[in-house]
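Remember, it's 1-based here, ligands and their atoms both numbered in the order they're listed.
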Amino acid sequence: MLILGIETSCDETSAAILKGKKILSNIIFSQIEKHKIFGGVVPEIAAREHLNQIPFVVDECIKDANIKLNQIDGIAVTYGPGLAGSLIVGLSYGKAMAFALKKKFIGINHLEAHLLSPFIEYDDFDFPFIGLVVSGGHTNVYIAEEFGKYKIIGSTRDDAAGEAFDKIAKLLGLSYPGGPSISKAAKEGNPKKIVFPQAQMKDKSFDFSFSGIKTSVLYFLKENEDKIKSGEITIQDIAAAFQKAAIRSIVNKIKRIYKKYKIKNIAITGGVAANGYLKEEISLFAKEKKLNVFIPSTILCTDNGAMVAYVGYLYMKQNKFSQWNLDIVPELKL
Ligand code: KG4
Ligand code: ZN
C-alpha cells in the first residue's frame, strides 16, 4: 500500500511516501529562516509560505520515492490541531489531489501522528505504552492501550515544553527555535551554577507547568545583570541550568507515571524529544527500571509527513476514511 502523507500544521511544509511503514521519501521544507527574525512563528507568513512550497514539496516527494502519482492508494493529511491558515493549505491540497486522482482520503490528528511515530522505526515497539508528546505546541501524556484507544493523563497548564525553550531562548538572546539553540549553548555552560526550581503541582496530577521556571529565569536575568556583564555567569550557564530544570521536570513526571501505571514501554515524541539531555536522563531511568524507551530519530521527532502517512496507513488497513467535507480543527484534541 502506497500512502502520501501531508503535514502543514505549523511551520514545516512536509510530504512523504510510505509503502506500508517503510519510508520511501520524506521531504521537509522548514520555514525557520522566514520566522527567525520575529523570534517565533508568524501565522500569516506560515500560511503563505505553505502555499508557495506545497506543490514543490509534494512533487519532490513523489520523485524521491521513485513512483508515479497514480500508484498512490491513499492521501493522509493533518487536519488539526495547528494554525488555521497553515492547516487549510495542506488539507485543501491533499483533498483536491485525492478527489482529482480518485484516491482514498484520510484526515489525521497531528497528535496521534506524533504519538505513534516510534512504530515507523522500531519493530519491537508495541502497545500498551506511556506516550509523551512534547513539542512547540503540546505537552501531553497518554496511556496508549491500542490503536485508537488513548487516555490522556496529563497536559500542560500553561506553556508547552518547546514553547518554554523558545521563550527562554528569546530572553537569552539565542536564536529561534529555542530548543536546539539552548541545548547547544548548554553544552558550554555549567548547569550547577544556578538552580532554577522545577514545577511542583500542588495536587497529585500528572500535569506540567513551565511558567514558574520561565519567571525564575526572567528574575534571575534582572537581578544578575552585573555578573552576566562581567562574565562571572554566562548565557551558557543559564541555558544549561534552565535545560536541566525543564527536562528534569519532564523526566520526574515520567518516573511518577511509571510508578503508578507500571507500563514498561515508554515513547517520547515531538520536537523536544530531540533533546540530548532528555535522552540521557531518561535512558538512565530506563536502565535502572529495565524499561524500553522509544524515541524517534530527530527527523521523525519534528513535524514531518511520514508520521502522518503512517497513521493514514493504519486507518486504511481498517478501511476507515474521511468524508470530503472534513474541515480543519485548529483546537483538535486527542
Ligand atoms: O514537533 P515540532 O516540530 O512542532 C510542533 O508540533 O510544535 O516541535 C518544535 C519544538 C520547538 O519549540 C523547538 O524549540 C523544540 O521543538 N525543540 C527542542 C529541541 N529541538 C526542537 N526542544 C528542546 N531541545 C531540542 N533539542
Ligand atoms: Zn508537531
Side-chain angles (χ1 to χ4, degrees), residues 5-14 16 26 28-32 35-36 38-41 43 46 50 77-83 86-87 90 108-118 131-140 155-156 158-172 174-187 208 210 213-214 239-240 242-251 267-282 295-308 310-311 330-332 334:
I6 297 176
E7 158 63 40
T8 63
S9 68
C10 189
D11 62 341
E12 269 96 18
T13 317
S14 181
N26 189 20
I28 303 167
F29 176 84
S30 169
Q31 304 179 356
I32 282 172
H35 301 285
K36 229 174 186 168
F38 302 103
V41 178
H50 282 306
V77 193
T78 303
Y79 74 102
L83 301 170
S86 295
L87 289 165
I108 302 293
N109 183 324
H110 182 82
L111 293 168
E112 189 174 26
H114 273 304
L115 185 68
L116 303 185
S117 60
L132 221 80
V133 181
V134 269
S135 70
H138 307 275
T139 306
N140 295 343
S155 62
T156 183
D158 36 66
D159 290 343
E163 192 181 0
F165 273 84
D166 296 337
K167 286 181 178 169
I168 297 298
K170 208 169 181 179
L171 286 178
L172 298 181
L174 300 170
S175 65
Y176 175 84
S181 56
I182 285 185
S183 44
K184 191 167 163 235
K187 282 199 185 105
F208 296 83
F210 294 97
I213 309 180
K214 197 176 67 190
F242 162 74
Q243 174 174 262
K244 186 172 167 184
I247 295 297
R248 287 211 170 165
S249 80
I250 296 174
V251 174
I268 310 178
T269 61
V272 181
N275 187 279
Y277 182 66
L278 172 63
K279 287 181 190 171
E280 282 167 28
E281 288 290 300
I282 197 71
I295 302 178
S297 49
T298 302
I299 205 84
L300 294 179
C301 278
T302 47
D303 292 347
N304 66 88
M307 66 180 190
V308 176
Y310 176 68
V311 179
E331 303 296 330
L332 185 64
L334 181 71

Please indicate how many protein N/O/S atoms are found closer than 2.8 Å to the Zn ion (ligand 2), with waters neither displayed nor included. 3
To the nearest 0.5 Å, what is the distance between CG on Leu278 and OG on Ser183? 10.5 Å
Report the part of Ser183 (side chain from C-beta onward, or backbone N, CA, C, O) that has a heavy atom under 4.0 Å from ligand 1; answer both or neither where that applies. side chain
Between Phe208 and Phe210, what is the ring plane arrangement, given parallel below 30°, perpendicular above 60°, and tilted in between? parallel
Is Gln243 near ligand 1, meaning one of its heavy atoms is under 4.0 Å from it? no
Would His138 count as a contact residue for ligand 1, given that I'm defining contact as a non-hydrogen atom of the residue lying under 4.0 Å from a ligand atom? no
Taking only heavy atoms of Thr302 into account, list the atoms of ligand 1 that are under 4.0 Å away from them. 3 (O)
Ring center gap for Phe165 and Phe242 short of 6.0 angstrom: yes
Please list the nearest protein heavy atom to atom 21 (C) of ligand 1 with its residue and the distance rounded to 0.1 Å. Gly271 O, 3.4 Å
In ligand 1, which numbered atoms sit nearer than 4.0 Å to a non-hydrogen atom of Gly137? 7 (O)
Which protein non-hydrogen atom lies closest to atom 7 (O) of ligand 1, naming both residue and atom, and how far is it? Gly136 N, 2.8 Å
Separation between CD of Glu163 and OG1 of Thr156, rounded to the nearest 0.5 Å: 8.0 Å
State the OG-CD distance between Ser86 and Glu7, to the nearest 0.5 angstrom. 9.5 Å
The closest protein heavy-atom partner of atom 18 (C) of ligand 1 is Gly179 CA, 3.3 Å
His110: numbered ligand 1 atoms lying under 4.0 Å from its heavy atoms: 6 (O)
closest protein heavy atom to atom 4 (O) of ligand 1 is Asp303 OD2, 3.2 Å
Where's the contact between Asp166 and ligand 1, heavy-atom distance under 4.0 Å: side chain, backbone, both or neither? side chain
Checking a contact table here: which protein heavy atom is nearest atom 24 (N) of ligand 1, and how many Å away? Asn275 ND2, 2.9 Å
Within this structure, what is the CD1-SG distance for the pair Ile299 and Cys301, rounded to the nearest 0.5 Å? 10.0 Å
With sequence neighbours excluded, residues passing side-chain contact (heavy atoms from CB on, under 4.5 Å) with Ala240: Ala186, Pro191
Starting at OG of Ser9, measure out to CD1 of Ile108 and round the result to the nearest 0.5 Å. 12.5 Å
Between the side chains of Thr8 and His50, does any donor sit under 3.5 Å from an acceptor? no
Cut-off 3.5 Å, side chains only: do His114 and Asp303 have a donor facing an acceptor? yes
Is the backbone of Gly80 close enough, under 3.5 Å, to the side chain of Thr78 for a donor and an acceptor to pair up by distance? no
To the nearest 0.5 Å, what is the distance between CG on Asn304 and OG1 on Thr302? 6.5 Å
